[in-house]
S.K.: 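Following this message is one structure expressed as structure tokens.
Worth knowing before you read on, the calculation uses all heavy atoms, side chains too, and leaves out hydrogens, waters and symmetry mates. Each chain gets a letter, A, B and so on, in the order the sequences are listed, and its residues count up from 1.
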2 protein chains.
Amino acid sequence: MKQKITLKHIARELSVSISTVSKALKNSEEISKDTKDKIQAFAKLYNYKPNNIAISLKNRRTKNIGVIIPDIVHHFFTTVFRGIENYANAKGYNVILCMSDESFDKEVINMELLANGSIDGFIMALSAETQIKNDYNHLKEVAEQGIPLVLFDRITDEIECDKVVINDMEGAYKAVTKFIEDGRKQIALITTEDYYSVSRERAKGYKQALLDHNLPYRENLVLKLPFMDVDELAINEFLDREKIDAVLCVNEIYAIHSMRHVQSKGLSIPKDISFIGFTDGILSKYSTPGLTAVSQHGEKMGAIAAEMLIEKIESEKEEETYTTTVLDTTIVARGSTNN
Amino acid sequence: MKQKITLKHIARELSVSISTVSKALKNSEEISKDTKDKIQAFAKLYNYKPNNIAISLKNRRTKNIGVIIPDIVHHFFTTVFRGIENYANAKGYNVILCMSDESFDKEVINMELLANGSIDGFIMALSAETQIKNDYNHLKEVAEQGIPLVLFDRITDEIECDKVVINDMEGAYKAVTKFIEDGRKQIALITTEDYYSVSRERAKGYKQALLDHNLPYRENLVLKLPFMDVDELAINEFLDREKIDAVLCVNEIYAIHSMRHVQSKGLSIPKDISFIGFTDGILSKYSTPGLTAVSQHGEKMGAIAAEMLIEKIESEKEEETYTTTVLDTTIVARGSTNN
DNA sequence: TATTAACACGAAACCGTTTTCGAAGGGTAA
DNA sequence: TTACCCTTCGAAAACGGTTTCGTGTTAATA
């Protein structure tokens, strides 16, 4: 096992001072060509690489970004993460990934741990529990310490910081409009409880699209499910009970399950009933028929979040101007709607 | 913006030395109760938290684990990652996640970057390109520096280190045996080229199961696809050409696509033809019919990998004993086979 | 010959901790 | 009074770098 070589080793070996070695390796003008050549050759030979930790301590910059998401086994979050990682890597940053598991406590613990010097900034999507509790003191703490923060997807108005979201309202609006243009009249919405910022927005878009096209908004065509467990029975019952010819679902799982259920009753998709689901994930692509989806462009979202964060990290000036970037959605048409 | 408080600040404020503060906060016997009380109260009031970076430099321990995987938008890898993260977090470690994007160069760059002090050990699955190139010098370098390394899933015999794999051969063997017990005779295998360690093992299990049950092994019932792009036409043609009543696929995508194709031809699953796919992912669960799957227990795999790594990191002794843990698979029966 | 500038390098401080060792001061025993 | 021992604290080194400032040497200039 060959130990990592340090400046001190090189200095001792070549009988020069540590400062000379440091400068020589940075090609400083101060050092004579002879000495530089000698030192650089030696360093290359022994594959010298500066210690990241020492540099971090000195510069008070870690070149690490902390990312906290509710769950990693989740298609949308992974695409966002990919966007973050790619951009960050290209800029020389590494990414520390933590999962909150939708738990407030885990979110707080992870943040506090990382905030003690391990990272230069945070990118995060709030956990469900945090949104329900509506407690954002851990975020405020971090902001007060001057650590840059970017929120994406699951955000809150309580915190002033950079944000990236998709235009959830517009996405739902587009989807419902497509249904209407396809001649659908009985358009249902299957969503989650309101504490999610995204669900609220999508519900708004759904309602607005109906009203703008002179269709009635009817409460009984909206099914609100509590998060966490997919209540299949509630979905089945809802689909059996109401007279419906189109369904907008706020996630893939609801949509896929609904499609299976109506298919098992002998209905034909999209002839008898058509579907659109949020998040253009893997299920939409491979279901039968393919599920028309509202694409959220997760990777782009991640890249933008990373760009905003690194911009803040690297800007010297301490201006307090925050921007919220809103990404438009795209409808990806597949077999579950008439195209 | 309130700056992070350091030992030095406390020392100056209370007119004691830095060492006294440090000791007092660790409740050292050396310091009088009065002084300790005073210092601890002050520290608590100003919410003092030691700087992770400084501690890392001092201890030469970062409490960070580097994880390098080919892709994050991939169900199996995310489940493994979840297992790693959970275990590591419980042990006080953070996880730095990098993606190699199946690229040799990215794998090398990421490893070298992290190896310079940022992490205490690596957990990784080899990129496709690395396996094709069969070049593991970057792994050897890291091992030589005494940095612990655990390989999972995509491994190699060229490197001596701890490893976790699933029993791919046994998984395929089980699946084929199930087909045979269900009365299937024309059992096909759709797999990737041989450079993947996992594909090779699965092909072995497929062959062995056939031979052990006195069925012929026929080359024309095995379709080997190059990785990266799912060649849908090749699959269709293969399914149309051969007389087949059961198909084992080495991943979900192949299986789902195959099922769609035979369904579109009017065949009934599992009556006319049945399917089993590797990786019990989200597609298997939500396809119609559900895909019987060989579960790889990714989360357990991740937990074991993390356990092995942390064990190595924290053990003082420098024994060179490496173990390979082999996880057995489980068949998760669903509608694509007769049960 | 004395002054000065350029060149090449080293000493030391610093980032924020931990830890070893030494020392001041007071108390006790001989 | 002397010797010794606790108790309690601080100085300093160390982790591995960067950077400022100073200094010795040499050569050019007055």
S.K.: Between S15(B) and E30(A), which is nearer to the 5' end of DNA chain D once each is assigned its nearest nucleotide?
M.R.: S15(B)

S.K.: Taking atom CD of E160(B) as the centre, does the number of heavy atoms from other residues, nucleotides or ligands within less than 6.0 Å exceed 12?
M.R.: no

S.K.: For a ring pair (Phe, Tyr, Trp, His ring centres under 6.0 Å) check, start with the C-alpha distance between H138(B) and F104(B), then their side-chain angles and the critical distance, and finish with the verdict.
M.R.: CA-CA 10 Å; H138(B) 49 309; F104(B) 175 79; 5.3 Å; yes

S.K.: So, N134(A) versus Y136(A): side-chain donor-acceptor pair below 3.5 Å or not?
M.R.: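 A donor-acceptor contact under 3.5 Å links the two side chains.
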
S.K.: Does atom OH (Y46(B)) have a neighbourhood of more than 12 heavy atoms from anything else shown, all under 6.0 Å?
M.R.: no

S.K.: Do nucleotides 11-18 of chain D as a string where each nucleotide becomes B, S or -: B if the base has a protein heavy atom under 4.0 Å, S if just the sugar-phosphate does, - if no protein is that close.
M.R.: BB-BBBBB

S.K.: Counting neighbours of NZ on K4(B) that are heavy atoms of other residues, nucleotides or ligands and sit closer than 6.0 Å, is the number greater than 12?
M.R.: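 Enclosed.
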
S.K.: Are any of S32(B)'s side-chain N or O atoms less than 4.0 Å away from OP1 or OP2 of dC9(D)?
M.R.: yes

S.K.: Where do F81(A) and H74(A) land on the side-chain contact (heavy atoms from CB on, under 4.5 Å) test, with the steps shown first?
M.R.: CA-CA 11 Å; F81(A) 182 82; H74(A) 185 298; over 6 Å; no

S.K.: Please check if the number of heavy atoms outside K91(B) that lie under 6.0 Å from its NZ is greater than 12.
M.R.: no

S.K.: Should we count CD of Q145(A) as having more than 12 external heavy atoms under 6.0 Å?
M.R.: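 Correct, the count exceeds 12.
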
S.K.: Looking across every strand, which nucleic acid part, if any, lies under 4.0 Å from S56(A) by heavy atom: base, sugar-phosphate, or nothing?
M.R.: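 Touches nothing.
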
S.K.: If the helix axis at each end comes from five base pairs, how far does the helix from dT1(C)-dA30(D) to dA30(C)-dT1(D) deviate from straight, to 10°?
M.R.: 90°

S.K.: K163(B) and side chain to side chain contact (heavy atoms under 4.5 Å, CB included): which partner among D153(B), T323(B), T324(B)?
M.R.: T324(B)

S.K.: Heavy atoms of chain B, cut-off under 4.0 Å: which first and last nucleotide of DNA chain C, 5' to 3', fall inside that, if you could look?
M.R.: dC15(C) to dC21(C)

S.K.: Taking the side chain from N52(A) and the backbone from N116(B), do they hold a donor-acceptor pair closer than 3.5 Å?
M.R.: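 Yes, because the side chain of N52(A) sits within donor-acceptor range (under 3.5 Å) of the backbone of N116(B).
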
